[in-house]
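Working notes for the structure below.
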Amino acid sequence: MSKAPIFGFNEHREEIVREVVHRVVSGTKDTLHVLNDAAYHETKRLETARRPEDIKEREEWRALARSLGRMSEGERRRRLTELTERYGWDVAGNFNPRVYSVSKRLLPPLVTALLQPTMFLKKPQELMHLDVLRSHVSVEGPIAKIQKLVEDGTAVFVPTHLSNFDSIVFGYALEAAGLPPATYGAGKNLFTNPVLSFFMHNLGAYRVDRRLRHNLYKDILKTYSCVLLERGYHSLFFPGGTRSRSGGLERRLKLGLVGSAVEAYARTLIHGKERRIYFVPATINYLITLEAETLIADYLSEAGKGRFIIEDDESSRFDRLFQFTRKLFDMRGAVVIRFGDPIDPFGNAVDDDGNSHDQRGRQVDPSTYVRDRNGDVTLDAARDAQYTRELGEAICEAYQKDTVAMSTHVVASVCFQHLRKVSPAPDLFTVLRQRDVLTVPRDELAADVCAFRDKMKEMEQQGRVRVGEYLRTASGGDIVERAIRAFAGYHATRAIESRANGIAICDPNLLFYYQNRLAAHGLAWDTLAPPGMLPAVPVQIRPAASPPRTDPTPSAPASTERSAA
Amino acid sequence: MSSSTNTLAKKHIGVLGGGPWGVALAFAAARAGAEVTMHTRREPPHNDAVGVTTDYAVVAKAPLLVVAVPSTVVREVLRSLGDHLDGHHLLVHGIRGLSPDGLDTVSDLIREETPVRRCGALGGPVQATELVHGRPSAMVVGSRYPEVVAAVNEAFASPSLRVHGTHDIRGLEWASALVGCVAIGVGYAEQAGAGPGLLAALISTAVDECGKILTMAGAEERTMLGLGGYGDLLASIALEHRPEVVIGKALAKGKSIDDAVTDAKLRVEAISLIPRVIGFAKEHRVKAPTFDILGEILHGASPQALIPRLFA
């Protein structure tokens, strides 16, 4: 494998930041407007600040806002340059090859240690074997193809996002798949953890301060990401923006950073050094999610909808992290990372040699998409925004196809169906109030789970979803048992519980969270469709009560067969 | 148009389909100063500025292509044409209908059958005869890509043709198709003796229904309220030769669908579309009484029974 450009990052860091500053400043037409916008948002953000340094910063912004009107254009441009430089350096990460090579060896055991501290204490030598991790975190998908593509092209990994655990797990997945490291925009709050911060900094992560909402900062981030892609840095974005609060798949993406790819590609063409960009959608699938309880509570509380950064959740509490990792490692195949088929920035499929193909399989030159009628390569933000929008749709489709369903998702979906049937009113919030009122006979639940799984296998044949390994072969009863085991002992409340007369449905909120993973597929109740998008069409699952007939005569309609049986 | 020699070189437009609409679009582009290549197996009326070919590779030399073939053959045409296209082509269609077998828009088919991304759709009240004779009228082009809107404007806009743009291509495609259906109702009501007030009531309720259907189809409701929806439908009142209106009138006279189609002399996409729209509305729980009645009109229900319900 050729050496990924990130190994030379430190030498080029200054050059990259200068390029970013140059592009942002020279691309700004209306300095008054941009500075005003920044000052407005910053003053607003710091309005209730208590810390002296924040108060000082706020006063500086206020002073700037007051004097902007009187400044000469030259003075405003100087201030803009200063600010851009400050933010540019703040964003730029660091890549230390020595840290990488050490952590490459250390990271798997480190992740393991994080995941399973008891084992680390007992048998530290075993941790040096990747197999330990391999049996718990499986990585699948067209890996050989992606390995080949990244030799000459730039990969943009775009996984789903459920947990703060994702970046660690995905970093491991890249390593395990023999793929080069990817630079990654990590929330600045992650840099406050000293251990994590050390690795993040030195593995090429750049810092994204999500508190900054003004356009200048967004422009800097986008430009930074564009410059990196242009230079061939493999990148990782979570295009959902934040962790999925509902547990559902991302169905509408935040395309800001993703959108820089088309521009980056066009610029490599303009410089006469075409470097293709490949998007690699991926799903990160957990049997249980570390932060499920906080996230779903946040999703359900109206007030919580405005909360953008959750500072205090399970991922910042060591006892919870400890329990979570113990649970995960208690059960095989509890985390599955699935890489999807790579696509070009225009949503075309890509073959093993990096060539793009349209839906009819014709080869198409991707550079033609950024050419105008005269055949010249052009930069056109409005055009690229549309390409990116279509790309976003293609990525969301891939998410559905590559979702790896697990026992918890299936059992939650089936239980939630039962809850809906007994709910006095059909609306979500009434259903969610049906706490501990329903117990489903074991056999009935197992049969429903089986029918659900069989339907999913059918859908898998059509490429619409993936069925997890355990789920594929286990009996209905075993699947229910596995879900109970997964839920128990980690989540503070039990989602479902085994009782003498059957399985009791205890915590509708948690079940809602886990069933949401299959909502976009139409397999579970879809209350999550974003505005302007229709809910998924419910998939009809044959009632488990009627086993498929072996009699091959196709004459009688299905409905009469059931009553005859 | 004498001063346009300097831009002539880059204004090359391909038109697919030699029916009245294709010919009208080709002539309008030629009048606006473009070099036009038509792809058709028919013999179109002679025009010095319009070349004719039967070779997809030849018409694909134009960077802007306009497809004006019946919706029944559009998939096959796009598939053959697609072999000669790449990402730099701008592809616009002027088909007032959805896919013949389902409810895909033609731009969905373009996505499936060609490598083109920068596509657009034409709509609005403009009629073929108006284009051919250069009578003032208005057209709508829908595309998410501003450069497609600009290119269509450059190709067709003239003192006698206003070209409006919308980004909601899906909405425009659905609106055009639905307006075609409702125009049958307009012709029917006119023939049955409805006055202006009743026609206005019919059009207003139909537009309301169509708007809801558009929302369910993933488009913007307000597109139905614009020139490509409401405007198009209003124009149908006065366009007594519009094929859908002619069919509506023939049906009100008690003719069978086949005879009505013969009267209209043209294929009308709307006839096969109406039952599919009714099914779609039912599936998505949209109340669409106007479409239910249109369905009955096609089945030969008598005006006396329907007119009161049409305005209920």
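Values below: all heavy atoms of this structure, side chains included; hydrogens, waters and symmetry mates excluded. To find a chain, count down the sequence lines: A is the first, B the second, and so on, and within it residues start at 1.
- For Arg118(B), the part lying near chain A is the side chain, with the backbone staying farther off; criterion is any non-hydrogen pair under 4.5 Å.
- Heavy atoms of Glu147(B) lying under 4.5 Å from chain A belong exclusively to its side chain.
- Comment: Arg23(A) engages Glu230(A) in a salt bridge, judged by a side-chain N to carboxylate O separation of less than 4.0 angstrom.
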With salt bridge (Lys or Arg N to Asp or Glu O under 4.0 Å) as the test, would you mind laying out the steps for Lys61(B) and Glu35(B) before giving the verdict?
CA-CA 12 Å; Lys61(B) 290 211 173 77; Glu35(B) 177 197 344; over 6 Å; no

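- Listed options Val116(B), Thr114(B), Asp83(B), Thr215(B) were ranked by heavy-atom pairs under 4.5 angstrom with chain A; first place goes to Asp83(B).
- Only the side chain of Glu390(A) comes within less than 4.5 Å of a heavy atom of chain B; its backbone N, CA, C and O stay farther away.
- For chain B, the option among Arg383(A), Arg360(A), Gln359(A) with the highest count of heavy-atom pairs below 4.5 Å is Arg360(A).
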Full working for side chain to side chain contact (heavy atoms under 4.5 Å, CB included) between Phe452(A) and Leu523(A):
CA-CA 8 Å; Phe452(A) 194 98; Leu523(A) 281 160; 3.7 Å; yes

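- Comparing Asp86(B), Val148(B), Leu85(B) by how many heavy-atom pairs each has under 4.5 Å with chain A, the most go to Asp86(B).
- When each of Thr368(A), Leu534(A), Asp372(A) is checked for heavy-atom pairs under 4.5 Å with chain B, Thr368(A) comes out on top.
- Using the six-membered ring where Trp is involved, His39(B) and Tyr56(B) have ring planes that are parallel, under 30° apart on the 30 and 60° scheme.
- Residue contact with chain A, scored on non-hydrogen atoms closer than 4.5 Å, is absent for His89(B).
- Summarising the geometry of Pro115(B) relative to Arg117(B), their closest heavy-atom pair is O-NH1, 3.3 Å, with the distance given to 0.1 Å.
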List the steps, then state whether salt bridge (Lys or Arg N to Asp or Glu O under 4.0 Å) holds for Arg276(A) with Glu274(A).
CA-CA 6 Å; Arg276(A) 296 211 175 160; Glu274(A) 179 181 7; 3.0 Å; yes

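- For the residue pair Gly120(B) and Ser143(B), the shortest heavy atom distance occurs at CA-CB, 3.9 Å.
- Using a 4.5 Å cut-off between heavy atoms, Leu90(B) contacts chain A through its side chain alone, with no backbone atom that close.
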